[in-house]
There are 2 protein chains.
Amino acid sequence: MLAECDTGFLRDLAAVLPEGRVVEAAPRYLEEPRGRWHGRAGGVVLPRSVEEVAAVVRACAAARVGLVPYGGGTGLVGGQVAPEGPVPLLLSMEKMAAIRAVHPRGNVLIAEAGVVLADVQAAAAAEGRLFPLSLASEGSARIGGVLAANAGGVNVLRYGNARELCLGLEAVLPDGSVWCGLKRLRKDNTGYDLRNLLIGAEGTLGVITAASLRLFLPPARSGVAVMVVRDPGAALDLLGRAQARVGEGVSAFELISGMGLRFLAETMPQVRLPFADAPDWMVLVELGLSAAQDPGAALEALFAEGFEAGLVLDGVIAQSQAQGAEFWAVRESIPEANRLIGAISSHDISLPLEAVEAFLARAEPALARIGAFRINCFGHLGDGNLHYNVFPPAGVERAALTHLRADVQRCVHDLVDAMGGSVSAEHGIGRAKVADLQRYGDPAKLAAMRAIKRALDPAGIMNPGAVLPVEGG
Amino acid sequence: MLAECDTGFLRDLAAVLPEGRVVEAAPRYLEEPRGRWHGRAGGVVLPRSVEEVAAVVRACAAARVGLVPYGGGTGLVGGQVAPEGPVPLLLSMEKMAAIRAVHPRGNVLIAEAGVVLADVQAAAAAEGRLFPLSLASEGSARIGGVLAANAGGVNVLRYGNARELCLGLEAVLPDGSVWCGLKRLRKDNTGYDLRNLLIGAEGTLGVITAASLRLFLPPARSGVAVMVVRDPGAALDLLGRAQARVGEGVSAFELISGMGLRFLAETMPQVRLPFADAPDWMVLVELGLSAAQDPGAALEALFAEGFEAGLVLDGVIAQSQAQGAEFWAVRESIPEANRLIGAISSHDISLPLEAVEAFLARAEPALARIGAFRINCFGHLGDGNLHYNVFPPAGVERAALTHLRADVQRCVHDLVDAMGGSVSAEHGIGRAKVADLQRYGDPAKLAAMRAIKRALDPAGIMNPGAVLPVEGG
């Protein structure tokens, strides 16, 4: 059983740190983007060095006080808020926000955990390099949280998840020891993969304090198009044809449904839509090519090929950077439109690519047996990652249907699981999906996870209640 | 303390398995490619299903008998041979060699652990796909061992290590439980990354029985060239220029030294060399491009640019597939030439890219203080991965200098470590580098590794003595 983070503990903690590190928990630390959970914290600690983080973890371990690591607060599964159990200490990494080094020749950047994702991107760009991880909350998400959650985003198709973009970590383990693992090597087979164990562990096995990140040469020329597709299966065929044309040059391939466009028209009329009538399904394609290739010509040829094959019904190729940005604004405004409409249940799921069509065909009638809903499905089709969000019908308040949330979630997740998919593609488990993981997770893997958690964090202080249920609590 | 794999244990084991699964340990199971270690085994078990593997592991756990998983026997660090400690059981995966499924649309192939790497490549090719992992021993290495060692090879630059090419695993954990983790998803954030923990653990945390592997569309057109470079720094500059031209289209970028070419001329005169006089340094470049691009023209332009900049002194662009294969034969024959010459000490190291030049400049004089040697340095320059092998001077027998092996190794590894590199880039720790890992490994990481090993394999039955020293042995 953990102890409360009370005034006595905070006083002792403050005594081992420089002045001003321990503060009251301002409301912003206790909220999360969807407003589903309200966190609690005895206080917030703002360390400025890895040694200070280690001192915090040692103090928590000694007093058996729970510790919730906090990045930008943008996580969508409640990993950063603790609504239950003994009140924890919140560890915000915001003051560890230095970019320690950029190595353009080696294509590596070393950032502290508190650096905002957009600032990593900017620091890379300043050296003529690309840090490709890009997602809706990049203006406030911090790199430590991005790694703890193994975030995905729109460029996974080409460059991989956060996991694939990280070469090394510096982290404080639950016993307060510091792992100096900031290697910047593409190949390093010296022992167990502690890096990937901490990435995606959502702060339950240690606190990431810095990371070495992979940079790339940005594509010399890029092009964006939106195309109306016959259906999601046609979209997948089109992706295959795009990759056959330009290989890794397909940087993003995003699926957008007609419902998403109608939600935008309803809630964010300032967002300019590419087609006068919302099509049932469209894709946004971005190509990033070398100097010798013409992305406009490649997109035109792809459109012609898709049209010829009956996959593509209409399309617009951006004629300027501004128009390309407009197309992206459509895609990136959908989460906000969803928020304004108000989902009953949101699902961050992934499926084997060839099962996406069948899933969509089966999910809608299955949900119709529960009630009448509007479904906005969008996402990173190239990764098999769909955001499958369920809304009340027009004119009905969300509150009138929230009693169906559990049934809706169960229906979607059961189907995803039966089709070999994942009930958390890129957002993680946090506190929102702890029960899902117990239900759908492989028993042998769950047992191994519990054994690892106990081995590395025997007191259970690291982000208690996230990912795994609290043991013996 | 583990028990011996004696006749009583073998009899009991045979009783719980179908007939013919337990056999005597033929000599081939007890050798390794460099002849440094001679293994021992009470017997060899040849399971034909994951259930049979689980029964074997349960029997070993109950009797506390050590279990050495065995793939193709091609590992270079002794992970597959146990020369010390209580005699173990050897578990060969060779009879689990089915390709369970190929999903060309989803770009996934599911192979059992005993499938030979070349057979995975061929099964992918039969469906018009590429499995890009390629290394010298691909004709005998089996995919389970390739994953257990997180093998690298010549295409890591473009496609990643074995780790990045694996989407899911089926494995038997040390308690005999079966983890059914054969997901074929690009994004799956449901809990700790058990997949990457088993990959690279060299059989010490469980037995991989099957894997889902990523496939790719093969590049439509490819081209190969060899170019004489001014020095390794010029080679790195040339790599940057190649990537600026064709992005991910650079499939391989291999460094070859003049010593390697002279070794070939001496030991394998049948291998045709591309330049009449062995240059000090050359690179082999392979481009794999889309249909709209011309690899020959790209290589010519790269050569012209490199020549103009003083980086490249000479070069030949392959005019046919046969000539390209000839260039690759040069690169791929170097390990065999090395074997015929006989190294005092071989080093599989990696360095931050921008440190490669400085390392080479410092290593040679440092070694000269130990003795007179010939050095053959070659490898995957794009990954910062060098095979830095030290040989006796011409006319001197290896046996006359093997007493210097420890000093040579220490000299090279100390320098690598001081420069932020890794003492095992792609071969792993096995038994050869257990002491190196203790010396150069981060103490906090080593403690976490021991804790994980104890948590998952409390009896210490899985590949005892590999990666970590046997505890309490």
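Per chain, numbering begins at 1; letters A, B, ... match sequence-line order.
The shortest heavy-atom contact between B:I429 and A:G191 is CG1-N, 3.8 Å. Closest non-hydrogen pair, A:D383 versus B:R186, comes out as O-CB, 3.8 Å. Shown here for B:K453 and A:Y192, the closest heavy-atom pair between the two residues is CD-OH, 3.6 Å. Closest non-hydrogen pair, A:A448 versus B:L173, comes out as CB-CD1, 4.1 Å. Minimum heavy-atom separation, A:A451 to B:L456: CB-CD2, 4.1 Å.
Heavy atoms of B:D188 lying under 4.5 Å from chain A belong to its backbone as well as its side chain. If you measure heavy-atom distances from B:R454 to chain A, you find no contacts under 4.5 Å at all. At a 4.5 Å heavy-atom cutoff, A:A220 makes no contact with chain B through either its backbone or its side chain. Both the backbone and the side chain of B:N150 come within contact range of chain A, judged by heavy atoms closer than 4.5 Å. When heavy atoms are compared at a cutoff of 4.5 Å, B:D237 approaches chain A by way of both its backbone and its side chain. Heavy atoms closer than 4.5 Å to chain A are found in both the backbone and the side chain of B:R105. Heavy atoms of A:V156 lying under 4.5 Å from chain B belong to its backbone as well as its side chain. Contacts of B:H427 with chain A are made by backbone atoms alone, with heavy-atom separations under 4.5 Å and no side-chain atom involved. When heavy atoms are compared at a cutoff of 4.5 Å, B:K183 approaches chain A solely by way of its side chain, counted from C-beta outward. Only the backbone of B:A149 has a heavy atom closer than 4.5 Å to any heavy atom of chain A. Of the two parts of B:Q293, only the side chain, counted from C-beta on, holds a non-hydrogen atom closer than 4.5 Å to a non-hydrogen atom of chain A.
Looking at B:D348 and A:K187, no side-chain N of the basic residue comes within less than 4.0 Å of a carboxylate O on the acidic one, giving no salt bridge.
Between A:P352 and B:V108 there is no side-chain heavy-atom pair separated by less than 4.5 Å. A:L353 has its side chain out of reach of B:H103: every pair of non-hydrogen atoms, C-beta onward, lies at least 4.5 Å apart. When side chains are defined from C-beta on, A:R245 does not count as touching B:S290, because their heavy atoms never get closer than 4.5 Å. Contact check for A:E202 versus B:N189: no side-chain heavy atoms found under the 4.5 Å cut-off.
Counting heavy-atom pairs closer than 4.5 Å to chain B, the top residue among A:A447, A:A444, A:A355, A:G240 is A:A444. Considering only heavy-atom pairs separated by less than 4.5 Å from chain B, the leading option among A:I199, A:T204, A:V467 is A:T204. Between chain B and the residues A:G106, A:P219, A:S177, A:S424, the largest count of heavy-atom pairs under 4.5 Å involves A:S424. Your options are B:S422, B:P174, B:G421, and the one with the most heavy-atom pairs under 4.5 Å with chain A is B:S422. In terms of heavy-atom pairs under 4.5 angstrom with chain B, the leader among A:A425, A:G181, A:G428 is A:A425. Of the listed residues (A:L167, A:T190, A:L217), the greatest number of heavy-atom pairs within a distance under 4.5 Å of chain B belongs to A:T190.
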* Could you go step by step and tell me if B:E248 and A:F216 meet the side chain to side chain contact (heavy atoms under 4.5 Å, CB included) rule? -> CA-CA 10 Å; B:E248 293 96 331; A:F216 296 80; 5.6 Å; no
